Each structure stands twice: as C-alpha cells, then as structure tokens.
J.: 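Next up is a structure, given as structure tokens.
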Amino acid sequence: MTDPGATPPADRANPPAAANFVRDLVRADNERGTFGGRVQTRFPPEPNGYLHIGHAKAIHVDFGIAEEFGGICNLRFDDTNPDTEDTEYVDAIVEDLAWIGYPVERALYASDYFEQIYQWAELLVTKGLAYVDDQDSETISAQRGGYGKPGVESPYRSRTIEENLDLFRRMRAGEFPDGARVLRARIDMQHENMQLRDPVMYRIRRGHHHRTHDAWVIYPTYDWAHGQSDAIEGVTHSLCSLEFDSHRPLYDWYLEQLPLPFDQPRQIEFARLELSHTVTSKRKLAKLVADGIVDGWDDPRLPTIRALRRRGYPSKAIKDFCTFIGVQKTNSRHQIELLESFVRDELNRTAQRRMAVLRPLKLVITNWPAGAVEHVTIQNNPENPDDGTREVAFGGELWIERDDFMVEAPPKYFRLTPGREVRLRGAYFVTCTGFTADADGTVTEVQCTYDPDTRGGNAPDGRKVKSTMHWVSADHALDATVALYERLFRAEVPGEVTGEPFDDLEPNSREILDHCKVEAALGKAAPGQVVQFERIGYFAHDPRTPRLFHRTVGLRDEWANIQKRG
RNA sequence: UGGGGUGUGGUGUAAUUGGCAACACAGCAGAUUCUGGUUCUGUUAUUCAGGGUUCAAGUCCUUGCACCCCAACCA
C-alpha cells in the first residue's frame, strides 16, 4: 500500500505532470459551468524580441491547458507599441513556436482589433469613465502619488463628455503632436492600487506600425488592449505572469464597462521560468548580442529557442522539462542541471553513437600487419537496437584522446598507461608498450601491441580490462571543428552580488577545437543532427557549416568527479 | 511608506485539503556494463520563526520575519 499523497516515481520518458493550480482553477470553472464548459487561452508575445526558454514554459502552460480541456489556444501578437515591434520578430516567433510543437495556421494580432478597441474607448468617454488629459507624462506621473501616498486629480479630469469626445476624436485624427495628450480612465486617484489611479488608455505616437502602418497615430496601452483583445476572441482564461496580478482589478474594471460578445474572461497569473546561470530578460539578451559577447540570436550559449535548437536541445526535452516543473505562484529559479538532465535523457534514447577524438594523440600498434585495414561492426545505439550497426575502419595507426593516456597513472585511473591493457571499442585489446615524448615532456605518440584473438572486443580466455576507449583510424579520420560551451554566466544568479549580471560573465564560455579527428560516418551527418560522441557527450551538427559540431551537453563524467574530489 | 503575492532538503516541485513529509536534480556508497554513459540498489538532507486550537498541523487561528511585484504615454 503506497501513500496516496506521495508523488509516484518518475518515468523520465513520460514525466508526470506536476500539480498545476491553473488547471485546478480551470477545472473548477468548468464544473461550475462558468464559461459554458468552454476553455480558450492565448499566447500573447510582443513582437519585439526572440522567444527564449522562459517563453517555452508559458507556451506549454497556455497551449497545454487548452489542449487538456479540449479548447483552443491562439497565438496573438500584443502589438500595441509601434516603436519597438517588427515583422522580423513575428516571423521568428512563428518559426520558434512551430519547433516547440505548436505550429500556428493563422496568427492573430491585437492590432486587428484597433477599431473595436477605439470604439469601446469612445463608449467609456460617453459614459463619463474616460477623459483627455493635456499634461505631459512627468506631470501625470508626479500626480499619481506613491505607495501609501494618495494621488491628486488632474485639472482636466472634469471636462465635459462632449469636450472629451471631441478631443479624443481629434487625437485620432492627428491634430495633436506626439505626447501632447492622452486618454485616461476615470477611476480613483486615491485608490490603494496604483494601477487604478486613472491609468492611461491611449497615447499619441507617430511610429510606423508593422501591420497598420500609418493608419493610426494613437495606440492603446497594454492594459487597455489586452483584456479587450481577449474578450473579442472569446478567451476564457487569460494566463499571464505574476507581475500582472496588480493589474487584474484594472483588467476586470475595463471589461465590466463593456458590452462583451462572450463571457468576461478571467486573468490568472503564474510565475515565469527563471534558469540558473543565464538571463532571460529581453534587454539583457539584446545587450549580449549587441555587445558581441555572443555571435547572434542563435549563438548556442544563449537561452533563446533558436539557440537551444542549434545547440541540439530536443524540443521534446524542453516540453518534458516544462511539464515536470509545473506551474506555481512562487518566483523561483530552476537549476539548469535539471533541464540538462532531460536533454541527456532524451538524447540517450534517440542519438546515434559515433566516435570522435577531440584532442588527438597518435597510437601506433607495433605488431599490426603493415598497411592492413579491417572493418569492425559497431552498434549505432545500444539503447535502441533498431538503429542498427555500422562498419568502422580500423588500422595500425589510430587517434586516441590525449586524456586517455598517462605516463604515471594515479589511483583509480583505468585508462591507458605503460604496461596496461585496455579495450578499443568494438575492435581489439591493446597493451601499452611505450611512448614517445618531445623535449618538453609532451607525449607525442603511444605504442601498443594488439591481441589478434580479441577481435570484436572480447577475449576468448575471458580476461577483463578496466577500460574501453574510443578511437579513430588515422587513415580514415575526418577533420572537424568542435565547439565546447560552458555556462555563459558563472554565477547561478547573474548579478546577484554586484547588481550587474555582466560582471558574472564566464570569460571562457566557448572553446573551439580545430583539428578534431572524427570517424568517417560523421561526414554524412545531416545538418542539425545530434549524435553522441562516445564517452564525451552529445553534439549537434551545425545547420549551416558542415563538419562543425556544437556540444549540446556532456555525458555525466564520474572520472571528472573523482579528479575534482582530489 | 500603502496594496498585492509567496515562504517545504543544497535546488526545484508534491502531499488524498487536518492523518506516516514524497518525487526529481545535485551529492555520496555499491552492483551491472564493450561508453568512468545508461540501468539498478542503497544513502545523506526539508515544512521561515514564535505562540495557539487539536488525539493529530506543512495544512487551521494568531503575532512576527524574509523575499518578490506595483508610482512607463513598455508589455
């Protein structure tokens, strides 16, 4: 009998969904019949930046809730600020969303509703619930008061409905310069919630809008557009991030004044995803790109979706991670190790194995028949026999990993050292008979003998070796470039100490290895394909540059742990 | 300073809503292994603090404390 309250052991291939208070609220609404059993959500990015891992969580919540209840989730661009938005971002967001697993047939735009939103604003004016204010933004801001300090009313607050309507229409007609006037809701300048102290609904701004172009010179603010767009579309549950919770009374207030075509939507806030050792704010990401700290928006060190894709993160792993961490109301930062564990998990099942030597050291088999070449058969993925086998060329001169040989082997070092026998994966047992070093003491070549009876990697007499090593035939190796990545920021919380995240940048977040030796099969790696370099890690073939591999994530490395412990 | 939100191992998330505090990551120990990978077993460690109600409190009451958000014509 297990404890019914306990979390069941995880099936990492199909991680259990964490409890989800949003789901509970939606279910309760359904049982109560609040929206006639309908569930509709939306994913509302502003097209002014690229999607990142934090958006992935929002996407899985927004689309996931809709899916779960048989409802729909629309992609709707929150494009109410012409100054910062661009079709470049629209296209990128659509593309990234499809990769995450939600291809959209037709994107929606808040800008499609500008006319309706404007008409509703006129309605508020007509009801005496909105007025035109001629003051500048500094004055309005100063009059707003402060925490615990009531605001003061604008001298324009008591204009007549007729005057307000006239001025508002002339704002739309373009009679006033940018910033000259705003439309404000008339709510309560003493309200304890600052959001309700007569918020701005419209501002005059002659930016060129990416879709409506120059049709408008006034643009609605977020608060006076978001709930309205939700209502027009028939959204039932408007899921957003925590910082909007103080906006919820305003969201509701606006909607309560309007004749809605559907039931009034409900806003529910949940915590954004933060990850250790990285940043997700648009401003900081843009600065990393602009300052040339990374090479572009798809630099594999970035947490953007396109960077993770290029780096080889499977979208399935991102989805499983999002499902696993669930939805909460607490601000928290997940360790990037957890995401990586989902990446390894998925790639362990799906990535074919190959041999690649990153820091080559020549190994010569002194008793190998001169010029002979053999082909050994190696499984593509021991975790998935369906992936079959491949033939790998083997000869008397090989490349092995520099780390796999030591002149003086410390305790617990199982790899090659003079006098020791090891297995070369899928091929033969070899015993180290000597080595050559240059004047500095750097080893330049290792000599071994092989045991012809161990072909395939097994000794007929049943003797064991402590280590199996990867290798590449020198005559058949291909040259490749491998990019190794460390965390972009060495601190878990960049900027936690100094307040400036860039103080915590890892200066060596990328190491490029040029003359790596890889097995011939990697010459046929597809663009974007992710493989496991045996004993090293998972590597993604670059989508554009052949023979360039990005380290997705390393394998767990017990030997590294032993060395770290000393 | 007023309002709102949130506090569970090192980290993150659960707990049949008052009934043995669990799952994962990380760590440690061991087994298996033709990857020091994978897999398997074991193990370390948790309810912000004080008070109260109760047979029983992570959960209810109370008093504190800490952290986050809110005074853009950004979203």
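Each chain gets a letter, A, B and so on, in the order its sequence line appears, and its residues count up from 1. Keep in mind it's a predicted model, so treat the numbers as computed, not measured. Side-chain atoms are counted along with the backbone in the values below, which use heavy atoms only and exclude waters and symmetry mates.
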J.: Applying salt bridge (Lys or Arg N to Asp or Glu O under 4.0 Å), run through A:Arg535 and A:Asp403 and close with a yes or a no.
T.: CA-CA 12 Å; A:Arg535 302 208 301 136; A:Asp403 282 354; over 6 Å; no

J.: For B:A75, give the paired nucleotide (Watson-Crick: N1-N3 plus N6-O4 or O6-N4; G-U: N1-O2 and O6-N3; both under 3.5 Å), or none.
T.: none

J.: Using a cut-off of strictly less than 4.0 Å, decide whether A:Arg556 has a side-chain nitrogen or oxygen near OP1 or OP2 of B:U38.
T.: yes

J.: Taking the chi torsion of B:A26, is it syn (within 90° of 0) or anti (everything else)?
T.: anti

J.: Look at the side chain of A:His334 and decide which nucleotide, out of B:G12, B:U35, B:G10, has an atom nearest to it.
T.: B:G12

J.: Looking at A:Arg248, does any N or O in its side chain come under 4.0 Å of the phosphate oxygens OP1/OP2 on B:C70?
T.: no

J.: Look at the side chain of A:His247 and decide which nucleotide, out of B:A71, B:A75, B:G36, has an atom nearest to it.
T.: B:A75

J.: Can you tell me if the side-chain N/O atoms of A:Asn561 get under 4.0 Å from OP1 or OP2 in B:G27?
T.: yes

J.: The side chain of A:Arg344 lies closest to which of these nucleotides: B:A26, B:G37, B:G36?
T.: B:A26

J.: Consider the side chain of A:Arg144, meaning its heavy atoms from C-beta on, and name the nucleotide among B:C73, B:G37, B:A75 that approaches it most closely.
T.: B:C73

J.: Choose from B:U38, B:G36, B:G5 the nucleotide whose nearest atom is closest to any side-chain atom of A:Lys329.
T.: B:G5

J.: Taking the C1' atom of each, how far is B:G42 from B:U32, in whole Å?
T.: 15 Å

J.: Below 4.5 Å, heavy atoms only, C-beta onward: do A:Asp404 and A:Phe414 meet side chain to side chain?
T.: no

J.: Just wondering, are more than 12 heavy atoms of other shown residues or ligands nearer than 6.0 Å to CZ in A:Arg390?
T.: yes

J.: Establish, with yes or no, whether the OP1 or OP2 oxygen of B:A75 is under 4.0 angstrom from a side-chain nitrogen or oxygen of A:Arg76.
T.: no

J.: What is the separation between atom CG on A:Asp78 and atom C1' on B:A75, rounded to the nearest whole Å?
T.: 7 Å

J.: Measure the CG-NE2 distance between A:Asp86 and A:His208 for me, rounded to the nearest 0.5 Å.
T.: 9.5 Å

J.: Using the aromatic ring of A:Tyr147 (for Trp, its six-membered ring), decide whether it stacks on the base of B:G2 within the limits of 5.5 Å and 30°.
T.: yes

J.: Does A:Ile562 or A:Asp223 map to a spot on RNA chain B nearer the 5' end, using the closest nucleotide for each?
T.: A:Ile562

J.: Which one, B:U35, B:U38, B:A75, comes nearest to the side chain of A:Thr468?
T.: B:U35

J.: Identify which one of A:Asn381, A:Asp387, A:Asn380 satisfies the side chain to side chain donor-acceptor pair (under 3.5 Å) criterion when paired with A:Arg353.
T.: A:Asn381

J.: Surrounding NZ of A:Lys329 (heavy atoms of other residues, nucleotides or ligands, distance under 6.0 Å), is the total greater than 12?
T.: yes

J.: Please classify the glycosidic conformation of B:U13 as syn (within 90° of 0) or anti (everything else).
T.: anti

J.: In the structure shown, which nucleotide is the Watson-Crick or G-U wobble counterpart of B:A49, with both distances under 3.5 Å?
T.: B:U63

J.: It should be established whether A:Arg205 places a side-chain nitrogen or oxygen under 4.0 Å from OP1 or OP2 of nucleotide B:C74.
T.: yes

J.: Indicate yes or no: at least one non-hydrogen side-chain atom of A:Tyr254 is less than 4.5 angstrom from one of A:Met201.
T.: yes

J.: Between B:A75 and A:Thr221, is there an OP1 or OP2 to side-chain N/O distance shorter than 4.0 Å?
T.: no

J.: For A:Phe270 and A:Phe21, I'd like to know if the aromatic rings sit close, meaning centre-to-centre distance below 6.0 Å.
T.: no

J.: Near RNA chain B, under 4.0 Å by heavy atom, which residues of residues 191-200 of chain A?
T.: A:Glu192, A:Met194, A:Gln195, A:Val200

J.: B:G37, B:G12, B:C68: which one has an atom nearest the side-chain heavy atoms of A:Glu558?
T.: B:G37

J.: On the side chain of A:Gln532, is there an atom forming a donor-acceptor pair with the base of B:U35 - under 3.5 Å, no angle test?
T.: yes

J.: Just N and O in the side chain of A:Arg283: are any of them under 4.0 Å from OP1 or OP2 of B:C74?
T.: no

J.: Tell me whether the side-chain N/O atoms of A:Arg181 come closer than 4.0 Å to OP1 or OP2 in B:C73.
T.: no

J.: Taking only side-chain nitrogens and oxygens of A:Ser341, does any of them come within less than 4.0 Å of OP1 or OP2 of B:A26?
T.: no

J.: OP1 or OP2 of B:A29 versus the side-chain N and O atoms of A:Arg565: is any pair under 4.0 Å?
T.: yes

J.: Would you mind reading off the distance between A:Gln328 atom CD and B:C67 atom P, rounded to a whole angstrom?
T.: 21 Å

J.: Using a distance-only criterion (donor-acceptor N/O pair, under 3.5 Å, no hydrogens), is the base of B:U11 paired with the side chain of A:Arg333?
T.: no

J.: Any idea which of B:U38, B:G36, B:U11 is nearest the A:Phe414 side chain?
T.: B:G36

J.: With RNA chain B as reference, determine whether A:Ser246 or A:Thr80 sits nearer its 5' end, using the nearest nucleotide of each.
T.: A:Ser246

J.: Are the aromatic rings of A:Tyr428 and A:Phe394 close, with centres under 6.0 Å apart?
T.: yes

J.: Of the options B:G36, B:C25, B:C73, whose atoms approach the side-chain atoms of A:Leu338 most closely?
T.: B:C25

